[in-house]
Amino acid sequence: AIEGSSEYVQYQMLQNSIVKDEGVYHRLNEFRRRNFEIQMDPQVDAIDGSANLYQEYADVLNRPEVKEFLAAEQRYIKMLRKMNRKLEKHFNVDVDFLE
């Protein structure tokens with residue numbers, strides 16, 4: 001069902017088109033990695049860090065195909081999160097040890 005979803009199909013199609021331009025794909029992945037690190041680092045002001053990062057990678061992030069890809073990625077991830085919430089309601093996993 002996931003492989004046939006419009007979210008997944010569009011995500012794959014757009015990713016495949018971006019991969020063809022190795023320079024853009026490399027810079028996009030640098031941005032994604034660094035953005036993830038900023039979001040996960042409690043020592044960094046995520047708002048300022050992200051704003052600076054967006055400026056640094058504006059040449060890539062302002063490309064229409066990259067904007068479209070990132071939007072498709074967000075829709076795909078949102079779909080997966082929704083599915084996970086539904087699964088969590090039906091299948092109990094003890095994660096109390098994380099508290």
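Positions are given from 1, in the same order as the sequence printed here.
- With contacts defined as side-chain heavy-atom distances shorter than 4.5 Å, the pair R32/N29 qualifies.
- Looking at every heavy atom in both residues, Y8 comes nearest to I2 through CB-O, 3.2 Å.
- Here the CD atom belonging to E30 is positioned 10.0 Å from the CG atom belonging to L53, to the nearest 0.5 angstrom.
- N52 places none of its side-chain heavy atoms less than 4.5 Å from the side chain of E56.
- We find the CZ-CE distance between F69 and M13 to be 11.5 Å, quoted to the nearest 0.5 Å.
- The shortest heavy-atom contact between I38 and G49 is CD1-O, 3.5 Å.
- Note: Y76 OH to K78 NZ = 16.0 Å, rounded to the nearest 0.5 Å.
- The shortest heavy-atom contact between V66 and L61 is CG1-CA, 4.1 Å.
- We find the CD-OG distance between E65 and S17 to be 7.0 Å, quoted to the nearest 0.5 Å.
- We find the CZ-OH distance between F31 and Y57 to be 9.0 Å, quoted to the nearest 0.5 Å.
- Counted within 6.0 Å of CD1 on I47, heavy atoms from surrounding residues, nucleotides or ligands total 12 or fewer; the atom is thus considered open.
- Once rounded to the nearest 0.5 Å, the distance linking CG of N84 with CD1 of I77 reads 11.5 Å.
- Residues L70 and E73 are in side-chain contact: their nearest non-hydrogen atoms beyond the backbone lie under 4.5 Å apart.
- Looking at every heavy atom in both residues, N16 comes nearest to K20 through O-CG, 3.5 Å.
- Proximity of a side-chain donor or acceptor of N62 to a complementary backbone N or O of A58 within less than 3.5 Å is detected.
- Proximity of M79 to K82: side-chain heavy atoms (C-beta onward) are nowhere separated by under 4.5 Å.
- Residues R75 and E7 approach most closely at O-CG, 4.0 Å, considering heavy atoms.
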Residue pair D59, R27: steps toward the side chain to side chain contact (heavy atoms under 4.5 Å, CB included) verdict: CA-CA 9 Å; D59 61 308; R27 291 232 345 123; 2.7 Å; yes
